[in-house]
Number of protein chains: 2
Amino acid sequence: MEHETSAAGSVGRVFSLLRLIGSAGSGGIRLTDLAERAALPRPTTHRILRALGAEAIVAFDARSKRYTLGLDLFLLAARAGNVVGLRDLARPTLLRLTASLGETLFLLVHNGYDAVCIERSAGPLPIRSFTGDIGGRVPLGIGQGSVAILAFLPPAEQDEAIRHNLPRMRDYGGPDEASLRAELLQVRRDGFCGGASGLIPGMAGVGVPILDAEGRAVAALSIGTTTDRLTPDRKAIIAGMLRQEATAISRQVNPFDPTLRRAAAAM
Amino acid sequence: MEHETSAAGSVGRVFSLLRLIGSAGSGGIRLTDLAERAALPRPTTHRILRALGAEAIVAFDARSKRYTLGLDLFLLAARAGNVVGLRDLARPTLLRLTASLGETLFLLVHNGYDAVCIERSAGPLPIRSFTGDIGGRVPLGIGQGSVAILAFLPPAEQDEAIRHNLPRMRDYGGPDEASLRAELLQVRRDGFCGGASGLIPGMAGVGVPILDAEGRAVAALSIGTTTDRLTPDRKAIIAGMLRQEATAISRQVNPFDPTLRRAAAAM
DNA sequence: CATGAAATTCCGTTGAATGGAATTTTCGAT
DNA sequence: ATCGAAAATTCCATTCAACGGAATTTCATG
């Protein structure tokens, strides 16, 4: 069972097509190739694509007969990235910090056993990071932002993620369980992760969690920079700034706390 | 809003639900409300949502029983061919210009009779604009970026858009046909739109088109600022910078020009 | 604890999606 | 220009997956 045909049914079919189109690159993909990769009959593929085209979810270039993702999917997706409004909330923060620090900032959200980058504000320096650009995904425990999330997960969930991720971490040259757990404790104490993990030579960073009303991490703010730019005192300053911003964001996220819903509904 | 039930069939049903969820805000929406707005039976709605949930295209908060757009929908578009790669191409440009000018920049794409904002890089000043944030939509002809696109459309398409949009423009306090056409000519001559359209008091801006290989506008780069910050000489400087950036982006877009594909394939 | 509203499951029915086959279009080779 | 192969597109009889009315469970509210 590789990626399996997902949930069967027409919905599954539609999104397996969309994912294939999405991974086909900006040049687009032809019907036949698409049908083959999706293991669907050509007429079926064609009919679904027509329907998707009518919705502007896919675009069809009549000249090259190639399909690409359409504008409406893009617009829909822009809203989808707004996990609990986090993206909109955090964007000004990222821009401001990038401007004042001259560093690259990331907004990561917790998703399953991974952290996913949903926003990024690039500083002037070229930065290598695990998460890469928007859409990038790393196992929880790899990278400062990702570790910050892991450290502030409820114990059961944290254990589960560690158990699941330890094997995967080998691919990244990650730590063994003992040192990981030690780091998590320290991060919980400090409120941020600034480990010079050294996983990418010359690169360093700081990550702080964004917590929900129950104190569980839902996301993280992090910066990525080079080791020499992250002197201990500068690291302390940056950690403080990040924590402050993360706290401010947390406060704005938490109004969605279900216990307050009644008040909002009354308006 | 609902212009019609879109394309019928299950695909139409799926995306009308997704659009409704998307427009429900980050708080999410409940099954019953969704079913009612979509004019679908609750069980049908429920089944489709389950399938979408299995794909992580929608997220379901078990606590509040509310549905929101899921992360995978975001990742689908983020990882891949967003509008011919324009967004990725333009993002660094927007950030750079925002940093150096201290202004808010917009990337608009041509879509039907409208221009749609697909990226925006906010400067320090609070800016009022028609397009608003990402996803915002204005009729072609309203706002500098939008006018820049309209001016560089093929004549037939331009006429069609003007005919269609003139009535709509009344809502924005837009110009009459004669002055609009006069402005379009000027924009075509100058290569940019810097009209102090005065549609939003105190606000001004500059828009330049991003052209495809055939010289048709596919998008526009624009800045939005206040009238007093846009002195004539600064406007000229900014227009020059924008044109240069837009040209650079055009060059990177155009390698995908179908007429050149054969050459690329031969490599 | 009672009550109503919402969510969820069930399942017999049916019509919409399916896909094999036929047709048309595209495009490269001669 | 002509041909032929490959791709795209249309057709349509079949069927099975989606449908939705009804029943059941869950949940919030008074």
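The basis for the numbers below is simple: all heavy atoms, side chains too, and nothing from hydrogens, waters or symmetry mates. Computed from a predicted structure; not experimentally measured. Chain A is the first sequence line, chain B the second, and so forth, proteins listed ahead of strands; every chain is numbered from 1.
One finds no side-chain N or O of Lys65(B) lying less than 4.0 angstrom from the OP1 or OP2 phosphate oxygen of dT26(D). A sub-4.0 Å separation between OP1 or OP2 of dC19(D) and a side-chain N or O of Thr44(B) is absent. Phosphate contact (OP1/OP2 of dT18(C), side-chain N/O of Arg47(A), threshold under 4.0 Å): present. At the phosphate of dA17(D), neither OP1 nor OP2 sits under 4.0 Å from any side-chain N or O atom of Ser10(A).
Contacts of Pro43(B) with the nucleic acid, taken as non-hydrogen atoms under 4.0 Å apart, include base atoms.
Cation-pi geometry between Arg66(B) and Phe60(B) is not met at under 6.0 angstrom from the ring centre and within 45 degrees of the axis.
What separates CD1 of Ile29(A) from C1' of dA8(D) is a distance of 15 Å, to the nearest Å. Taking atom CZ of residue Arg66(B) and atom P of nucleotide dT8(C), one finds them 13 Å apart after rounding to whole Å. Taking atom CD1 of Ile48(B) as the reference point, atom P of dA18(D) lies 10 Å away to the nearest angstrom. Rounded to whole Å, atom C1' of dT24(C) lies 15 Å from atom CZ of Arg42(A). Counting to the nearest Å, the P atom of dA7(C) and the CG atom of Leu31(B) are 5 Å from each other. In this structure, Phe60(B) places its CZ atom 8 Å from P of dA7(C), rounding to the nearest Å. To the nearest angstrom, P of dA6(C) lies 13 Å from CZ of Arg37(B). For the pair Tyr67(A) OH and dA7(D) C1', the interatomic distance rounds to 11 Å; values are reported in whole Å.
Taking the charged nitrogens against the carboxylate oxygens, Glu55(B) and Arg19(A) do have a contact shorter than 4.0 Å, which makes a salt bridge.
Contact check for Val138(A) versus Asp114(A): no side-chain heavy atoms found under the 4.5 Å cut-off.
The main-chain N or O of Ala115(A) is never found under 3.5 Å from a side-chain atom of Asn111(A) such that the two would form a donor-acceptor pair. Without hydrogens or angle criteria, Gln158(B) side chain to Leu150(B) main chain gives a donor-acceptor distance under 3.5 Å.
Residue Arg30(B) has its side chain nearest to dA7(C) when only dT10(D), dA7(C), dA8(D) are considered. For His46(B), the side-chain atoms get nearest to dT8(C) when compared with the rest of dT8(C), dA7(D), dT10(D). Picking from dT10(D), dA8(D), dC19(D) the nucleotide with the shortest atom distance to the side chain of Arg13(B) gives dC19(D).
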